[in-house]
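Here is the structure we will look at.
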Amino acid sequence: MKSKSIKAFAQAVVGIVLLAMMVMYASKVLERKDAYEKYEAFFREENDFDVLFFGSSNMQLMINPLQMWDECGITSYNFGNTSERLPVTYWTIKNALEYTTPKVVVIEVSQYGQTEKYKDMYSVHLAWDRFPLSLTKVKAVYDTLDPSDPRHELLFDFIIYHDRWSELTADDFSRNYSKLRGYATNHEYTVFERPEYEFRIDEAATQTEGVTYLEKTVEELQAKGIQVVFVHSPEVNSEDKQARINAASVTAQKYNVPFIDFTVMDNCVIDYATDMSDADHVNIQGATKLTHYMGEYLMQNYALESHAGDASYADWNSSYEQFRAENDGIALTEHIEE
Amino acid sequence: MVYSFSFLVFVAVLLLAYYSVFKNHQWIVLLVGSLAFYLYTTPIYSVFLVITTVMTFFGAIKLEQLSDFQKSSIKENKEIWSKEEKKAFKGMVSKKKRILLTIIVTIAFGMLMVFKCKKYLPYSWLILPLGMSFYTFQSIGYLIDVYRGDVKAERNFLHYALFVSYFPQIVQGPINRFDKLHHQFFERHSLDFVQIRSGLWLFLWGLFKKLVIADRLAIFVNEITEHTDAPAGSLVVVAVFLFNIELYADFSGGIDMVRGISEMFGIRLAENFNRPFFATTIGEYWHRWHISLSNWIRDYVFYPLALSKTYARLSSKLSKKNAHLGRTIPAGFVSVFTFLLIGLWHELSFAYIAYGLWHGFIMASAQIFEPFFSFLDRCFSIDRDSYAMKLFGRARTWILISIGELFTITGSFNGFQRLFSRIIHNFSWYRVITDIEMYSLTYKDFFVVGVGVIIWYVVSVKQEKGVHIRERIAAQPWLFRYALTAGIIMITLIFGIYGSSYNADDFIYGGF
């Protein structure tokens, strides 16, 4: 009788393990691949990153970690993500720091003063889907989303992605991922004139919940000895929006954090006539200039050492070569609004 | 919470507690779990469950006391009372019992009717409390059983409260009978792996039918029937045809899940379906569809009416003119009335009155015109037991049922008119092919539904032949059993309709 029970128990265990493996495999195949493609290189990196970049899509298009590697020999990852609000950024940073300890964290603040915690479920999925289930991820979901939101779908994304069975392609099985370390290239341009702004601070922007999260982010990073830099990408803004972003200088001063605003700085790094993709984002040409500027800035102001020549970073060289091969010589085309 | 992930966790925790406590306390776990479930899902409207439970509990005791008083008084005064005195006393007590029963039944059904008629009242914001139709019918059934002396009145209020509120069945039935269900709660249930596994299989099978077949079809059916302009009549016919499958998959799937969960606790609930679409007549269909409701109506409405004096008088009057009519006309009246009640049980609306009358008239006409049909059979040498005639009977039943569903599919007279008008004036059969992709279901979705229905059909044919599927699976090697279980779980997980890409429909019969 006892041996029969043990046999039944063993069978049940084997059955459950096999089922769990099937669910995990199905989950991998069916998941939407954009988060995997963007973040997989982060999880595959064996060394600690020197710098991490966070923010919205403005950040995603402005810093090219492979170029920074080539020019400065430092490793970085670009976590910039579509429509990402500061509370999501706070939790993205907390999740990322469970896997690496950078010396510097750069946060793009074009979302400064936004009142909502997140813009839409898609952007949150994109930011967090690749992070494995952990206590930090659970806290992130429960803190950011309301009880009426589909929280479980962020923790177990199979709930939402199982529906993709009807649209699977060979790519879903191939597990290819981007080697660009989070950066997204853009080869379009829109001609702008650089706007002039009267410097004004929107005081109300400093009182928003998003700013509370930004302050928490800075406090926690500084407590860990990680340096923080605020940047604002070049944009063509309204006076009101720029006044809101100017308010980031209040937080920067409060925490003694450098704040580089590429939109209003005296010596403009980019050419608005050729380097902007649209009013909010730079193209690859603008990104090249901004990456170069930021690389020099980081090397000059922080104790970052070049890893150039270190064999354990060989993959960075091959990734950079691949990037060059894929992007050199591509002519910019005019951006057409959809 | 109903059938959500939290519900599954709730069931798992309850199972753990159920098999951990002393066996004589297991019913307490079920009662606490049932009350917690109901209070969580229906916090304010729980008061109606309490009223019905209290009223029928004390009512049943009072009815039994009156019966006992009647019996003991007659026994005590056997020698003293004359025949007339005995009769008068019996009549007086019976009248009291009848009045008490009528009051309780009126209040219980009155509360139910207020909710069923809410759209005609200035209280349209009222929401029908979860499972109200089911627990009202179940407790009134018990009360009538006690009134008739068929069961003893329960004297422990908590025992009775569990019978009324038992959580797996309160959402959408089946409507259980006191003598079949109640004693099971107090039997001692040991942890039985085979029983848990069997219950789990039934639950998974129900989940498959609900999520893969019913909820996928619901997308198409709802789009066609709620579309205010221009679905071709041919698409409406397809939608009504598919609605039959959706309704059956939804309701029977839900009942399988309920029965599966209950079996894990060692409690067997009444069957509610017996492959209704294998029925060759509407009469047979009602013996196979929503069995617990049709049996309830049969036992507590049809038989009392058929045995009434009025029925007997009408029957004998007509029999003098024509024996066949004397037998079938009164039965026809009772059929129409009982099916009208079945319609009203769903909702007080044109849709369900028409649905009830339609089924009632078919039942009545089948009996009244039976000699004519037999005559046709003889004329054309038709053997009703032949395979071809059985197939014809099934198709005919399906069509008649579909016409009935056409009344209810939109839930309103205007909706019925609109769909009927499309069928009559704009049938355009070719638009089934040209327009079907205009709606949200793709051919891939229809393929999934098709494969699901074929699997279901094969299982049903086996069951119809008397094969007990779960016993048959249990007799297979363990690897096969696990592969099959994993297979149905994976199919449901991948092809089921759930998650925020689409909001799964609530259980259709949870709305009644």
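Here is how names work: the chains are called A, B, and so on, in the same order as the sequence lines, proteins then strands, and each is numbered from 1.
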Could you check whether atom NZ of A/Lys119 has more than 12 heavy atoms from other residues, nucleotides or ligands sitting under 6.0 Å from it? no
If you count the non-hydrogen atoms of other residues, nucleotides and ligands that lie under 6.0 Å from CZ in B/Arg472, is the total more than 12? no
Hey, could you give me the CG/CG distance between A/Leu18 and B/Leu479, rounded to the nearest 0.5 Å? 8.0 Å
Can you see which heavy atom on A/Trp165 is nearest to which on B/Lys444, and at what distance? CH2-O, 3.7 Å
Contact origin within B/Arg481 toward chain A - heavy atom pairs under 4.5 Å: side chain
Is the ring pair A/His162/B/Tyr498 parallel, tilted or perpendicular, if the boundaries are 30 and 60 degrees? parallel
If you draw a 6.0 Å radius around CZ in B/Arg268, do more than 12 non-hydrogen atoms from other residues or ligands fall strictly inside? no
From CG (A/Leu30) to CG (B/Leu493), nearest 0.5 Å: 10.0 Å
Taking atom CZ of B/Phe193 as the centre, does the number of heavy atoms from other residues, nucleotides or ligands within less than 6.0 Å exceed 12? yes
If you measure from CD1 on B/Ile494 to CE on A/Met22, what distance do you get to the nearest 0.5 Å? 8.0 Å
Assess whether atom OH of B/Tyr457 is packed by more than 12 heavy atoms of other residues, nucleotides or ligands within 6.0 Å. no
